[in-house]
Amino acid sequence: MFSPSSYKSSLSSDSFTLEKTAETNMLACSPKKTERIIWTPYLREYISNGYAEHPDLYTDDFRVLDELRNDCIYMETNEKALNRLIKYYAQLVFISAKFPIDVGIEFPWYLAFQADAQRPVLHRNMNYEKACVLYSIGAVYSQMGNAENRSTTEGVKRACNYFQSSAGCFQHLLETVVPEMRIAPTVDMSPYALQTLINLMLAQAQECVWQKAAMDQLRDGTIARLSSKISEFYDAACELATNSSIQNVYPKMWITHMQIKALHFNAAAQFRKSCECISQDKYGEEVSRLQVASDYVRRAFDVIRSSGYGKTGGSSAVVNDLKSLQQILSSNLARAEKDNDVIYLELVPLFSSLPPILKTQMVKAVAPPEISDPVALMLNNERADLSPHPIIGLPLFQKLVPFAVHQAASVYVDRKERLIKEDIISKLEELTAVYHSSIESLHLPALLATADHTTGLPDSILRQAAEVRSGGGSQSLYDMWELVQKASSKNADILEDAFNALDEEHEADEVYRSRFPNEWKRPESHILTQQLAAQGQKHRQTLTSAQKADLIVRNKLDTWANIIDVLTLTREELEDSIPSDNSSSDHPQRQEDSLVRIKRLVDDMNQHMRIRKDLIDQAKKASNADDISPALLKKAAELTAKSPIVKIEAAQFEELFVDELRKYDQLLMAVDQEDEQQNTNLRQLNEAYHQYKAKVSDKTSGAKRDKALQNLNQAYLKYKEIKTNLTEGLKFYGEHAKGLETFCDTCKDYCQRRTNESEQIIGRLNLGMKNLSVGR
C-alpha cells in the first residue's frame with residue numbers, strides 16, 4: 001500500500017526542470033522597436049508660438065527628454081534600462097497636460113512580434129507615444145521575470161512580482177492609456193491582444209506562487225487549487241490569442257505553448273487532488289483523478305507532436321516538465337489501481353461525477369506606482385525636505401502654463417471680442433445708421449439748412465454746389481459712363497475671342513473627323529472643352545449682370561442730370577433759381593416753435609453721437625487692457641490641486657468667464673439707453689416734422705423754397721451716388737478683364753495644342769498613304 005509519506009519526495013517533480021537547465025519554461029515579449037526622433041525643435045516652436053515664452057528657458061528639459069527618448073531605441077533587459085524607460089513614461093504623462101496631443105512630431109513604432117523590415121506605424125499623437133512606451137515597459141518586466149533564477153524562493157518571489165507588474169502595465173495600457181489616444185490602436189495594442197498578455201503574465205505569476213507552494217510543501221488541496229487557476233489563466237490567454245481579429249499577432253509557438261501549459265496544469269491539479277484523496281480514504285476517486293490527469297498529459301503530447309513544438313522553437317524545458325509529470329502519473333496510477341483492485345475495492349467514479357477543483361487566485365495585475373500615478377510621486381518629492389524621486393525625478397517643463405489654460409484664454413478672448421464687436425460697437429453703429437437714414441427720409445438736413453435763410457443760400461448748399469461744379473457736373477458723369485461702356489465692350493470682345501477660338505477648333509476637328517472617320521480616334525472637342533465652356537458661361541453671366549447694372553446707373557443719371565447741372569451754376573445764378581420766402585404770414589409762431597423743437601432734437605442727437613464715439617473708445621480700451629491670465633492660472637491651480645494632469649476644459653472656466661465679462665455690463669446698459677433714447681427722439685422728431693408740414697402750404701413761397709433746396713440736396717446726393725457707382729464699375733471691369741484674359745489665353749493654348757496634334761496626325765496619315773503608294 002502507498003502511504004501519504006511515501007510520495008512526498010515526488011511532489012516537487014510536478015514541473016521543476018528549471019533548476020536542472022538554464023532554459024526557461026515561460027514566455028516573455030520583446031519591447032516595441034522604434035526609430036530616432038528629436039523632441040526639441042517641435043517643442044521649441046510650440047512654446048514660442050503657443051505660450052509666448054522663450055524656449056531657451058527650457059534647454060535642460062529639452063535635452064533630458066531627448067535623451068530619454070533615445071533610450072527607447074536600444075533597450076536592454078536590466079533594472080537600469082527599465083527605470084530610464086519608466087522615467088520617460090512618467091515625463092510623457094506630465095507633459096501631456098502641458099502640450100496638445102499633436103505637436104507636429106510623427107512617432108514611429110513597429111508592431112510587436114513583426115520583422116524589422118516592415119514599415120513602422122506613424123501617428124502625430126503624443127498619447128500614441130505614451131502607449132508604445134508603456135507597452136515596452138510591460139515587455140521589459142516580463143523579460144526580467146523570465147530571466148530570474150526560480151530555483152530559490154527569493155528568485156521565485158521576484159519573478160512573480162515582475163510578472164504581476166507586467167500584467168499591471170498592460171492592464172493600465174488597456175484601460176487608461178489606449179482610450180486617451182483618440183485613435184484606433186494598432187493591432188498589437190488592441191483589447192484582445194492586451195488581454196492576452198494580461199492573462200499570460202498572470203498565469204506565469206500564479207505559476208511562481210504554485211512553485212513556491214510546492215517548495216514549501218503546502219497541502220495538496222491548496223496546490224491543486226493554485227494549479228487549477230494557472231490552467232484557467234492559460235486557457236483564457238490562448239482563447240483570446242486565437243481570436244480572428246488578432247490571429248496573426250502572436251507566434252504560433254506561443255499559442256502551442258499556452259495550450260500545453262493549460263493541459264499541464266489541469267493534469268497537475270488533478271494529480272495533487274488525487275494525493276489529497278489518499279489522506280481522505282477516497283481511493284476510487286484517487287484512481288479517477290489520476291486517470292484524468294494522465295489523459296490531460298496525453299493530450300498535451302498530442303499537441304506537441306502535431307505542432308512540432310520543441311523542434312521548431314518551442315522550449316525543451318516545457319517538454320521535460322511534461323515528461324516528468326507523465327512519469328509521476330504513470331507510476332502513481334499503476335500503484336493506485338493495484339491497491340484499489342486488491343485492497344480497497346472502491347468503485348472508480350466517472351470524471352463527470354467528480355466534484356470540481358476550486359480555484360485559488362493569488363496574483364493580480366498591479367501597475368507600479370510610477371506607472372499608475374507618476375505625477376503624484378514627482379510632486380510629493382518636490383518639497384524641500386524630500387529629494388527627487390529616485391526613478392522618475394522631478395517633472396520637466398513644470399513652469400510652463402498648462403495648455404488648457406491657453407485654450408481657456410482663447411475662448412475668453414473670442415467671447416469678449418464678440419461682445420465688444422457685436423453687442424457694443426456694431427449695435428451703436430447700427431443705431432447711428434438708422435438715425436441718419438430716418439432724418440434723411442424726413443429731409444431734415446435740408447429743412448434745417450433753409451430754416452435760418454429766407455433769402456440767399458445755406459452754406460451746406462453752397463459747399464455742395466462748389467464740389468459738383470469742380471467735379472464737372474453731369475458731363476463728367478457721362479464721360480465716366482462712356483469709359484465704363486468701353487471697358488464693358490473690351491471685356492465682351494475678350495470673351496468673344498475665347499469662344500471663337502473654341503468654335504474654330506471644334507469646326508476644324510469635325511472636318512477632319514468627317515474626312516478620316518476611321519483614323520480620327522482622338523476625343524471630340526466638345527467633350528474636352530466642357531469645363532472651359534462652363535467657365536465661359538459664368539463669365540458671360542457675370543458680364544450680362546454688370547451691363548444690366550450699368551443701364552440702371554444710366555437711367556439714374558438721365559433722371560437727375562438736369563438738376564445736378566443746376567448745382568454747377570454760379571452763386572448768383574443759383575440764388576436766382578431758388579424762390580425767396582417773402583411772406584411773413586407763412587411763418588406764424590407755431591411754425592417757429594416746430595422748427596425750434598426739431599433743431600433742439602437734432603442737436604440733442606448730435607450730442608448722443610459724441611457719446612457713442614466715447615462709448616466705443618471706452619469699450620476698445622477696456623478690451624485691450626483686459627487680461628484674465630492671473631484669474632485663469634488661479635482657477636487652473638484649484639482644478640489641478642489633487643492631480644496636475646487632470647483634464648481641464650473650457651467649460652470648467654464658464655463661471656469665471658461670466659464673472660469677468662460682467663465688467664462690460666455698464667457699457668451694455670449704456671448701449672440699451674442709447675437705443676431707448678433714440679427711439680424716443682425719432683418719435684418726437686417725426687411728430688415735430690409733421691406738425692411743421694401741417695402748417696406750411698405747398699403753395700406758399702416758403703414751402704416752394706424748402707422744396708427747391710431739398711431737391712438740390714437730393715441732387716447732390718445722387719451725384720455722389722452715381723459717381724461712386726461708375727467708379728466701382730470701372731474697377732470691376734478692370735479686375736474682370738484680368739480673369740477674362742487668363743481664360744482666353746487658356747482657351748487659345750488648348751486650341752494651339754489641338755492644332756499641333758491635328759497636324760501630327762495628318763502628317764502620319766499622309767506618310768502612311770505615301771508608303772502604301774510606293775509599295776504598290
Side-chain angles (χ1 to χ4, degrees), residues 27-32 34 68 71-72 75 79 81-97 101 107 109 111-112 123 125-145 159-206 233 236-237 240-241 246 249 361 363-380 389 391-392 395 642-647:
L27 296 175
C29 51
S30 299
K32 288 170 72 70
T34 185
L68 291 172
D71 290 341
C72 295
M75 280 186 269
E79 189 172 0
L82 175 64
N83 288 343
R84 292 282 289 176
L85 206 56
I86 291 173
K87 181 176 182 178
Y88 181 50
Y89 171 80
Q91 297 298 341
L92 287 176
V93 173
F94 185 80
I95 68 173
S96 64
I101 288 178
F107 298 100
W109 287 91
L111 293 176
H123 286 296
N125 185 309
M126 191 188 301
N127 287 339
Y128 172 65
E129 170 88 345
K130 186 164 58 178
C132 293
V133 171
L134 182 52
Y135 184 101
S136 296
I137 293 172
V140 173
Y141 270 122
S142 75
Q143 290 184 332
M144 293 180 68
C160 179
N161 289 334
Y162 284 139
F163 286 129
Q164 289 184 92
S165 295
S166 177
C169 290
F170 291 127
Q171 185 160 309
H172 190 71
L173 177 60
L174 172 65
E175 296 177 352
T176 303
V177 180
V178 168
E180 291 177 346
M181 284 167 47
R182 303 180 193 173
I183 56 174
T186 51
V187 66
D188 56 349
M189 293 193 293
S190 64
Y192 279 112
L194 292 177
Q195 198 63 59
T196 297
L197 292 177
I198 293 169
N199 279 283
L200 173 60
M201 295 304 141
L202 289 177
Q204 296 184 160
Q206 179 90 356
F233 277 133
L240 289 163
I246 62 164
V249 170
Q361 179 175 338
V363 297
K364 59 181 179 179
V366 183
E370 293 85 0
I371 299 300
S372 60
D373 196 1
V375 176
L377 295 178
M378 289 179 181
L379 299 182
N380 285 342
H389 190 276
I391 296 177
I392 56 183
K642 295 183 178 179
S643 174
I645 62 170
V646 66
K647 296 300 180 184

Give the ring-plane orientation class for Tyr141 versus Tyr162, where under 30° counts as parallel, over 60° as perpendicular and anything between as tilted. tilted

State whether the side chain of [X] and the backbone N or O of [Y] hold a donor-acceptor pair below 3.5 Å, judged by distance alone.
X: Asp188; Y: Ala112; answer: yes
X: Gln195; Y: Ser190; answer: no
X: Asp373; Y: Pro369; answer: no
X: Ser142; Y: Cys29; answer: yes
X: Gln204; Y: Leu27; answer: yes
X: Asn127; Y: Arg182; answer: no
X: Ser166; Y: Ala139; answer: no

Close side-chain approach of [X] to [Y], heavy-atom, < 4.5 Å:
X: Phe163; Y: Val363; result: no
X: Leu134; Y: Lys130; result: no
X: Leu85; Y: Ser136; result: yes
X: Pro31; Y: Gln143; result: yes
X: Val178; Y: Leu194; result: yes
X: Ser30; Y: Met75; result: no
X: Val177; Y: Tyr89; result: yes
X: Pro395; Y: Pro374; result: no

For [X] against [Y], the heavy-atom pair lying closest together:
X: Ala159; Y: Gly145; value: CB-O, 3.6 Å
X: Ala365; Y: Leu202; value: N-CD2, 3.5 Å
X: Ile392; Y: Ala90; value: CG2-CB, 3.6 Å
X: Pro191; Y: Leu174; value: CA-CD1, 3.6 Å
X: Gln91; Y: Met378; value: NE2-CE, 3.5 Å
X: Ser96; Y: Met126; value: CA-SD, 3.9 Å

Hey, could you give me the [atom1]/[atom2] distance between [X] and [Y], rounded to the nearest 0.5 Å?
X: Gln206; Y: Gln164; atom1: CD; atom2: CD; value: 9.0 Å
X: Lys32; Y: Leu111; atom1: NZ; atom2: CG; value: 5.5 Å
X: Leu240; Y: Asn199; atom1: CG; atom2: CG; value: 6.0 Å
X: Ile371; Y: Leu377; atom1: CD1; atom2: CG; value: 10.0 Å
X: Glu129; Y: Ile101; atom1: CD; atom2: CD1; value: 13.5 Å
X: Lys87; Y: Leu82; atom1: NZ; atom2: CG; value: 14.0 Å

Check against side-chain contact (heavy atoms from CB on, under 4.5 Å), Glu370 and His389: CA-CA 10 Å; Glu370 293 85 0; His389 190 276; 3.4 Å; yes

Please identify which of these residues, Trp109, Tyr128, Phe170, meets the ring-ring contact (aromatic ring centres under 6.0 Å, His included) condition with Tyr135. Phe170

Between Tyr88 and Cys72, does the side-chain contact (heavy atoms from CB on, under 4.5 Å) criterion hold? Intermediate values first, please. CA-CA 9 Å; Tyr88 181 50; Cys72 295; 3.6 Å; yes

